[in-house]
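The structure appears below as structure tokens.
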Amino acid sequence: MTARGTRVDVIADARITGEGRELLPFAGVDDDALYDVIVADGLIADIAPAGALPRRGSVLNAQGAWLIPGLWDHHVHMLQWALGVERFSVREAQTAADTAALAARAPVRSDGRRIAVDMRDALWADPATVALLDAATGDVPTYILNLDLHSAWLNSAALRREGFAPDASGFVREDDAFAVARILNDVPVADADAAVGRAALAAAARGVVGCVDLDMTWNEEPWQRRVAGGFDSLRVDFGIYPQHLERAIGLGLQSGDPLRDADTELVRVGPLKVITDGSLGTRTAACSHGYGDDPHNHGVLTVSPEDLVELMTAATAAGIGCAIHAIGDLANSHALDAFASTGAVGRIEHAQLVRHADLARFARVGVGASVQPEHAIDDRELTETLWASQTALAFPLRSLRDAGANILLGSDAPVAPLDPWVSMAAAVFRTHGDRPAWRPEERLDAETALAASTYGGSRHSARIEPGALADLAIVADDPLTAGEERLRTMPVHATMIGGRLTHVA
């Protein structure tokens with residue numbers, strides 16, 4: 001019997017799938033052949049037909065299940081996700097009145113606040129006002145966070161508590177909404193770290209071996225604390241925000257460096273994260289054409305092109321990569337311009353609306369497309385309504401792949417679940433359940449989606465081959481042939497990092 005924490009020496013009787021399978025001994029002859037994978041020093045040492053080599057040491061028998069590279073979520077707000085998944089959700093509410101009434105049922109915290117999450121207000125038919133929210137929630141400071149985190153709905157008591165001017169709608173957006181989220185996430189560190197620990201274990205149970213954590217804070221400190229407390233469930237690359245860039249440079253942090261003052265190789269310095277525009281649902285994504293219900297509104301650039309170049313130049317000179325949030329086509333064009341002029345390495349986060357002429361620039365400039373396919377499923381009605389007049393491509397996947405871009409899949413948790421199987425299913429099938437596929441011409445093939453869910457992305461995917469890290473997962477079915485619902489809910493039997501089990505079903 002193997003348990004979490006066991007170091008595996010042999011994975012026995014496994015089927016193997018994913019990129020590189022064509023190099024296996026029986027490739028093209030018997031694609032269901034069973035193999036033994038030998039692990040040593042955290043690496044795959046050898047692969048042989050099942051039973052061909054002695055099985056020495058700790059043996060994990062896959063019993064004919066499928067071995068895949070360990071999965072990565074390339075865009076996570078780890079603390080926000082960990083706290084949000086345990087908070088009161090209003091996701092099912094379809095109107096402002098229903099949302100206010102549902103939020104009134106959220107428990108009151110020890111600090112006197114009431115918090116609800118997962119609001120989707122973009123297509124409400126009834127007006128949202130602070131008076132409506134006050135009538136439902138009374139004098140208890142009440143905060144309802146939008147699913148995309150770019151806006152929040154506060155009652156009068158909450159507006160007063162946080163020092164906002166009285167507002168007829170009660171909505172705060174962009175920087176003010178981010179400030180509210182930071183306030184609400186300021187919980188006792190023991191509670192925060194325990195929530196992150198639970199979320200990480202849940203991710204490992206879905207075959208996840210790593211994530212890029214883009215929480216909007218100074219991330220080095222909490223990860224030092226978590227590692228010291230025994231965190232070992234995931235690999236983590238943590239992001240740096242512009243307000244902390246000078247500090248990071250002063251400390252000599254470079255992307256890829258291991259976490260300072262910590263005895264671990266699991267946590268590393270990640271990219272500079274810059275948010276250059278808003279979101280579709282908040283109608284603040286910077287677009288070349290107006291929004292369908294407000295033709296004069298083209299969204300907002302929250303960072304000017306000149307300031308973006310300055311930030312990326314400073315990061316690049318210091319050895320820090322860049323992750324640039326750009327949702328609208330105008331923001332994407334400016335981000336690509338900045339990558340081209342600075343020589344920065346990294347990726348664009350979201351790329352939800354991309355000009356046809358910009359598709360090839362991702363590959364030409366060497367910029368990864370860090371995308372969240374489940375957003376296309378969630379936002380298909382929003383896209384058809386609010387971006388009806390746009391001429392750029394909405395939620396392109398296949399077009400980016402065909403143009404040579406390196407695709408990296410993620411969730412933007414808590415906007416979508418921290419679960420790469422959900423992302424892969426959305427990318428491959430462009431639907432959920434019985435609904436027809438939305439813009440099916442933008443589907444990814446399953447092999448690309450799986451590769452894009454590994455550390456290097458679709459063009460630099462992890463492979464199961466000698467010399468590779470033994471970051472692996474054993475799953476019930478071949479993800480390259482699974483149907484939509486099975487792919488979305490794929491049973492995961494085991495997950496390991498460097499051959500050490502982080503999950504056993």
Side-chain angles (χ1 to χ4, degrees), residues 4-5 7 41-43 70-83 182 185-187 189-204 208-274 314-323 345-347 349 370 408 410 413 418 454-456 462 469-471 495-500 502:
R4 187 181 186 278
R7 291 198 172 273
D41 300 322
L43 304 176
L71 304 177
W72 272 74
D73 190 316
H74 290 280
H75 189 128
V76 174
H77 302 274
M78 194 66 188
L79 179 59
Q80 188 77 46
W81 163 250
L83 295 177
R182 287 194 293 270
N185 288 348
D186 188 16
V187 301
V189 294
D191 294 343
D193 292 349
V196 168
R198 290 190 293 272
L201 286 173
V208 179
V209 298
C211 70
V212 180
D213 177 23
L214 298 173
D215 266 333
M216 200 176 297
T217 188
W218 175 250
N219 283 302
E220 184 187 53
E221 184 177 305
W223 281 113
Q224 288 171 332
R225 187 180 67 240
R226 291 163 191 161
V227 168
F231 181 92
D232 66 355
S233 302
L234 300 173
R235 299 188 189 274
V236 177
D237 289 359
F238 63 84
I240 299 162
Y241 278 78
Q243 62 267 34
H244 303 127
L245 180 58
E246 185 175 345
R247 179 179 182 182
I249 292 172
L251 291 171
L253 302 189
Q254 297 188 12
S255 297
D257 284 352
L259 181 67
R260 295 185 314 131
D261 304 323
D263 184 20
T264 183
E265 296 181 356
L266 293 182
V267 182
R268 299 176 301 187
V269 179
L272 169 71
K273 169 72 181 297
V274 186
T316 301
I320 298 172
C322 296
V345 297
R347 69 269 188 100
E349 303 295 332
S370 176
L408 303 119
L418 200 175
T454 66
Y455 183 69
L469 273 175
D471 288 4
T495 310
M496 64 187 71
I497 295 176
R500 174 180 55 83
T502 55

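Position 1 is the first residue of the sequence, and the numbers go up from there. All values below were derived from every heavy atom in this structure, side-chain atoms included, with hydrogens, water molecules and symmetry-related copies excluded.
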What's the separation between atom [atom1] in [X] and atom [atom2] in [Y], rounded to the nearest 0.5 Å?
X    : Y    : atom1 : atom2 : value
H75  : L408 : NE2   : CG    : 12.0 Å
Y455 : L469 : OH    : CG    : 10.5 Å
D471 : T454 : CG    : OG1   : 10.5 Å
E349 : H74  : CD    : NE2   : 10.0 Å
R7   : M496 : CZ    : CE    : 11.5 Å
L272 : Y241 : CG    : OH    : 9.5 Å

- Item | Contacts of D193 that satisfy side-chain contact (heavy atoms from CB on, under 4.5 Å) - sequence neighbours left out | R225, R226

- Stepwise side-chain contact (heavy atoms from CB on, under 4.5 Å) test for Q254 and V269: CA-CA 6 Å; Q254 297 188 12; V269 179; over 6 Å; no

- Query: Are there more than 12 heavy atoms of other residues, nucleotides or ligands under 6.0 Å from atom CD of E221?
  - Reply: no

pair [X]-[Y]: side-chain heavy atoms closer than 4.5 Å:
X    : Y    : value
V236 : L259 : no
L234 : M78  : yes
T502 : V209 : no
W223 : V196 : yes
M216 : H77  : no
T264 : P258 : no
D237 : D213 : no
T217 : R182 : no

- Note on the structure: Across all chains, not counting sequence neighbours, the salt bridge (Lys or Arg N to Asp or Glu O under 4.0 Å) partners of R247 are none

- Tell me, please, which residues at least two apart from R4 pass salt bridge (Lys or Arg N to Asp or Glu O under 4.0 Å).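 D232.
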
Where do [X] and [Y] come nearest, in terms of heavy atoms and distance?
X    : Y    : answer
V212 : P271 : CG1-CD, 4.3 Å
A262 : V227 : CB-CG1, 4.2 Å
D257 : G252 : OD2-O, 4.0 Å
A195 : L83  : CB-CD2, 4.1 Å
R347 : S370 : CG-CB, 3.8 Å
G5   : R500 : O-CG, 3.7 Å

- Message: Check whether S255 reaches the backbone of G321 with its side chain - one donor and one acceptor, N or O, closer than 3.5 Å.
- Response: yes

- Query: Any donor-acceptor pair under 3.5 Å linking the side chain of D73 with the backbone of C211?
  - Reply: no

- Message: Determine whether N219 and K273 satisfy the following criterion, side-chain contact (heavy atoms from CB on, under 4.5 Å), listing intermediate values before the conclusion.
- Response: CA-CA 12 Å; N219 283 302; K273 169 72 181 297; over 6 Å; no

- Donor + acceptor pair across side chains of D215, Q80 (<3.5 Å):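 Q80 and D215 do not have a side-chain donor-acceptor pair below 3.5 Å.
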
